Asks: 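Questions regarding the structure given below will be posed in turn.
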Amino acid sequence: MWTKDLTVGIEEIDSQHRLLFRQLEQLLDACLSGREQEEVLAMLGFLDGYVITHFETEEGLQLRYGYPGYESHRAEHRALLERHARFREELGETGPTRDFVLRVNQALIDWLSNHILTVDKAASTFLLKKMGLDADKIHESSCSA
Ligand SMILES: [Fe+2]
């Protein structure tokens, strides 16, 4: 579940993060309530595409503003996509079983939460300064809202 402490202060990125978490909640809900396989597959497909779109957004901003941690940040994104490719292979073999969906769902939530709290926040602090905003003020106001 998305919580306020995951806010990085850049609206474009925060709204994408919120949508990713919302999709993961819906996927979990669909799995637990025994929804049709096609629906679960469509949700997994959407997540696949949206994760790539989201990574491109982050990497694009980092390139534009000359973020020095770009390469290592990109490497983290690549590692997740490789792991995801292995999940895809497994999906091809077993189909969207309950066990599979629960594992993928939890793995993505864990990865995203950890990634956002560490490397995304670090990148966003840099980007906000480059964008001429005060990162501390943004973070303060989002905490007290
Ligand atoms: Fe990231």
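This is a predicted model, so every value here is computed, not measured. Note that ligands are numbered from 1 as they come in the structure, with each ligand's atoms numbered from 1 the same way.
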Asks: Is it true that some N/O/S atom of H54, main chain or side chain, lies under 2.8 Å from the Fe ion (ligand 1)?
Replies: no
Asks: Check whether the side chains of D99 and T97 place a donor and an acceptor atom closer than 3.5 Å, and report yes or no.
Replies: no
Asks: Of all N, O or S atoms in E58, identify the one at the shortest distance from the Fe ion (ligand 1).
Replies: OE1
Asks: Salt bridge between D14 and R18, side-chain N to carboxylate O under 4.0 Å?
Replies: no
Asks: Of all N/O/S atoms in H77, which lies nearest to the Fe ion (ligand 1)?
Replies: NE2
Asks: Hydrogens and angles aside, do T57 and Q16 bring a side-chain donor and acceptor to less than 3.5 Å of each other?
Replies: yes
Asks: Less than 6.0 Å separating the ring centroids of H77 and H84?
Replies: no
Asks: Looking only at N, O or S atoms in D120, which is nearest to the Fe ion (ligand 1)?
Replies: OD1
